[in-house]
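Some notes on the structure that comes next.
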Amino acid sequence: MAREHPLEVIRNIGIIAHIDAGKTTTTERILFYTGRLHRMGEVHDGTTTMDWMVQERERGITITAAATACDWKGFRVNIIDTPGHVDFTIEVERSLRVLDGAVVIFCARGGVQPQSETVWRQAEKYGVPRMAFINKMDGVGADFFGVADQIRTKLDCRPVLLQLPLGVEDTFRGVVDLVTGRAIAYADELGVQEVVSDPPADMAELIREHRVALLEAVSEFDDELMVEYLDGKDIPAELIQRAIRKGTVTAKIIPVLCGAAYRNKGVQLLLDAVVNYLPSPLDLPDTMGTVPSTNEPTSRHPSDDEPASALAFKIQSDPYVGRLTYIRVYSGVIKTGDVLSNATRGTRERIGRLLRMHADRREEMEEARTGDIVAVVGLKQSKTGDSLCRLDRPIILEPMHFAAPVIYVAIEPKTKADQDKLSLSLARLSEEDPTFRFFTNEETGQTIIAGMGELHLEIIADRLLREFKVEANVGRPQVAYKETVRHSAKAEGRFIRQTGGHGQYGHVWLEIEPSTEMFSFVSAIRGGAIPSEYIPAVEQGAREACESGVLAGYPVMRVAVRLVDGSFHEVDSSEMAFRIAGSLAMRKALSLADPIILEPVMDVEVVVPEDYVGEVLADINARRGRIDDMESHGNLHVVKARVPLAQMFGYATDLRSRSQGRATYTMQFASYEPAPPAVSTAAIGARGVGRK
């Protein structure tokens, strides 16, 4: 079967941004203009297509990444609309892992906000080419040039303006296209009828200045354009677009556009830029991976003729078809009924059905080809990050890495009937979301759920009730404390058992010291004091000891371990004996190295009207916060602070009451820092253990 869309016309893009910058509204407009929708939904009305979950429509926020596909001027655009709230950053992470390009949306008033920086770093990590769309140009306080400058300074990149706004705030009516030199306004409220004209005379000097800056920035990517520019010739738009594309695909420049998605202005031009400048699968380097049996590097070229390879990046429970596994096909063709290898787990999976998703609606497909993003029914063992490939040509693609939870909560079912369903329901939720975890506290017997924030766990509890019909009581959030050491120490671990016949003998000396890494282990054994085959067992024992610290049983981090000496017995030594000896030595060393409690500290940004700044600052100080910076944007002040997570529970309610509902805040994990003595004492007491 021939391809419906050649690879060169496919665009796999993500819409990413800080919360409330207008991601979902922009996506709704894209679907409307491409004919995928006949009526635009609104976030505040709870009628958007992409925010399809009940919880999303009630709260007016995006919680889960939603995929869809549309066609624009002969191009197939696969879109993933991602959340902006930091609690659901996993959705952005795994989406960017499989996307070829991204549209980063910035609020024309808020500029580069905390989550803007987070999603930018995530895109940077995966080398995803980006373009910027400065939205809400019709809003009070909109500042196009100020936001563009923030993109340059705060994100350390090279923004290149492709448009200038026609008017601002309530006079915003369209844009000036610096590539063509034409002004584009809109004659109707839906933004369908474009009016193209010469730019206003009073903008001539501004346009000339920024067009020169555009040509200078992109001429280095195209020799022909460079020659014509230096010769002072009139450069055709096609040549400029070609140079912009080269710079964008290599992520060396960031094209900047503007508009007002809610007022239906500028979105069609954004679509033009997506297909003109963001890469197709053919524009990107071959997908790298390793051969499972040998760990040797290998790769896949984006072609239907290559062996099939795909990455599972999202698991979702669908009430109608069951377990859905979202995959990105990097090479080859995958058909219904195919048996593939899950190279990550060494198992086989059969493709039951292939579905093209449109948010929560499904379209049946017979096959998925290179560059497609589809959902699969029938995969039973595949998890997020697993690689699927042809049986005779295995490849493990680069995996994904997920942040550890920062908040823990005890949960218990309300009835005996709910008890049986709770574990099964939690298992399904943790399968969908790798940043959500649950376990049983062995000391108390309680079931503990862990996540990225209060809202994250609130949504989990809500989904338990609505989707899985499990009623449960949720306790007060608990902070995920850690332990570390402040000094170096050396300790001996000796494990000897003699019970007739072969005994057990393991003997090691470990040195530990503070480190910037989570955990590191090196062997300094010389002269065969311990045979090399037992050294991995010593490391395993040391790691196991770090899972439960000596102060209060919290995990240990930021410690470097060195195996410096030991002894063995020709007959009685074993891996188990050295693992136990390593664990004993590690626990002794931790006790001697001045262990301390670490607490998670959050980056907090509060946007507050001038009248309430004093109260907000006083409250942050009372929460043991540290004010890092303050900025003014008209009557609004942006307060940036670092506050311990333990002090942030219930902050949303307190902030609303202190500002009469006019202040907003966001927070994201910053780092672990030493806890004050009072907090350490409380954290140790909460675990019911004393220092060993």
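Note: hydrogens, waters and symmetry copies are ignored here, and every other heavy atom, side chains too, is used.
At distances below 3.5 Å, not a single donor-acceptor pair connects side-chain atoms of Thr25 with backbone N or O atoms of Tyr262. Formation of a donor-acceptor pair under 3.5 Å by the Thr82 side chain with backbone atoms of Ile15 is found in this model. Looking only at distances, a side-chain donor or acceptor of Thr370 sits under 3.5 Å from a matching main-chain atom of Gly332. Proximity of a side-chain donor or acceptor of Tyr665 to a complementary backbone N or O of Tyr651 within less than 3.5 Å is not detected. Proximity of a side-chain donor or acceptor of Glu349 to a complementary backbone N or O of Gln381 within less than 3.5 Å is detected. Although no hydrogens or angles enter the test, the distance criterion places no donor-acceptor pair under 3.5 Å between the side chain of Glu471 and the main chain of Asp418. Here the side chain of Glu483 pairs a donor or acceptor atom with the backbone of Ala552 at under 3.5 angstrom.
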Could you go through Leu270 and Met131, starting from their C-alpha distance and side-chain angles, then the distance that decides it, and tell me whether this counts as side chain to side chain contact (heavy atoms under 4.5 Å, CB included)? CA-CA 9 Å; Leu270 174 63; Met131 63 172 51; 4.0 Å; yes

Decide yes or no on side chain to side chain contact (heavy atoms under 4.5 Å, CB included) for Ile597 and Val679, but give the supporting numbers first. CA-CA 9 Å; Ile597 297 289; Val679 175; 5.8 Å; no

* Dump the intermediate steps for side chain to side chain contact (heavy atoms under 4.5 Å, CB included) on Met357 and Val374, then the final yes or no. => CA-CA 7 Å; Met357 300 300 293; Val374 299; over 6 Å; no

| Does the side chain to side chain contact (heavy atoms under 4.5 Å, CB included) test come out yes or no for Glu412 and Thr447, once each step is laid out? | CA-CA 7 Å; Glu412 59 181 24; Thr447 298; over 6 Å; no

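Between Asp654 and Arg623 the shortest side-chain heavy-atom distance falls below 4.5 Å. Proximity of Lys125 to Leu96: side-chain heavy atoms (C-beta onward) are nowhere separated by under 4.5 Å. Side chains of Leu284 and Pro302 form no contact here, defined as non-hydrogen atoms less than 4.5 Å apart. In this structure, Phe468 and Leu424 have side chains that are not in contact, with every pair of non-hydrogen atoms separated by 4.5 Å or more. Counting only heavy atoms from C-beta outward, the side chains of Pro159 and Cys157 approach each other to under 4.5 Å. When side chains are defined from C-beta on, Ile315 does not count as touching Leu324, because their heavy atoms never get closer than 4.5 Å. Proximity of Ser280 to Asp283: side-chain heavy atoms (C-beta onward) are separated by under 4.5 Å at one or more points. Arg109 has its side chain out of reach of Lys136: every pair of non-hydrogen atoms, C-beta onward, lies at least 4.5 Å apart.
Looking at every heavy atom in both residues, Met602 comes nearest to Phe669 through CE-N, 3.4 Å. Closest approach of Ile254 to Arg130, counting heavy atoms only: CD1-O, 3.8 Å. Minimum heavy-atom separation, Glu398 to Leu311: O-CD1, 4.3 Å. Ile395 approaches Cys389 most closely through the heavy-atom pair N-SG, 3.4 Å. In terms of heavy atoms, Thr435 sits closest to His456 at OG1-CE1, 3.5 Å. Ala69 and Arg356 get closest at one heavy-atom pair: CB-CD, 4.1 Å.
Taking CE of Met518 as the start and OG1 of Thr484 as the end, the distance is 9.5 Å to the nearest 0.5 Å. Considering CD1 of Ile351 and CG of Leu340, their distance stands at 4.5 Å, rounded to 0.5 Å. Atoms CD1 and CG, from Ile411 and Leu457 in turn, are 9.0 Å apart once rounded to the nearest 0.5 Å. Rounded to the nearest 0.5 Å, atoms CD1 (Ile327) and CG (Leu388) are 6.0 Å apart. Distance CZ/Arg428 to CD/Glu467: 8.5 Å, rounded to 0.5 Å. Rounding to the nearest 0.5 angstrom, the gap separating the CD1 atom in Ile448 from the CZ atom in Phe438 is 12.0 Å.
Ion pairing of Asp603 with Arg642 is present here, as a side-chain N (NZ or NE/NH1/NH2) and a carboxylate O approach within less than 4.0 Å. Salt bridge Glu431/Lys383: present, at least one basic N to carboxylate O contact under 4.0 Å. Contact check on Arg463 versus Asp433 returns no salt bridge, with no Lys/Arg side-chain nitrogen under 4.0 Å from an Asp/Glu carboxylate oxygen.
Within 6.0 Å of CZ in Arg323 there are more than 12 heavy atoms belonging to other residues, nucleotides or ligands. With a 6.0 Å radius and a threshold of 12 heavy atoms from other residues, nucleotides or ligands, Lys380 has its NZ atom at or below the threshold. Enclosure of atom CG in Asp629 by more than 12 non-hydrogen atoms of other residues, nucleotides or ligands within 6.0 angstrom is indicated.
With Asn78 as the fixed residue, the side-chain hydrogen bond (donor to acceptor under 3.5 Å, both in side chains) test singles out one of Asn12, Asp372, Thr68: Asn12. Partner of Asp386 under the salt bridge (charged side-chain N to carboxylate O under 4.0 Å, His left out) criterion, out of Arg345, Arg94, Lys314: Arg345 alone. The side-chain hydrogen bond (donor to acceptor under 3.5 Å, both in side chains) test with Glu599 singles out one residue from Arg624, Lys482, Gln647, and that residue is Arg624.
Remark: Arg328 qualifies as a cation-pi partner of Tyr330 under the 6.0 Å distance and 45° angle criteria applied to the six-membered ring.
Under the 30°/60° scheme for interplanar angles, the aromatic rings of Trp120 and Phe106 are found to be tilted.
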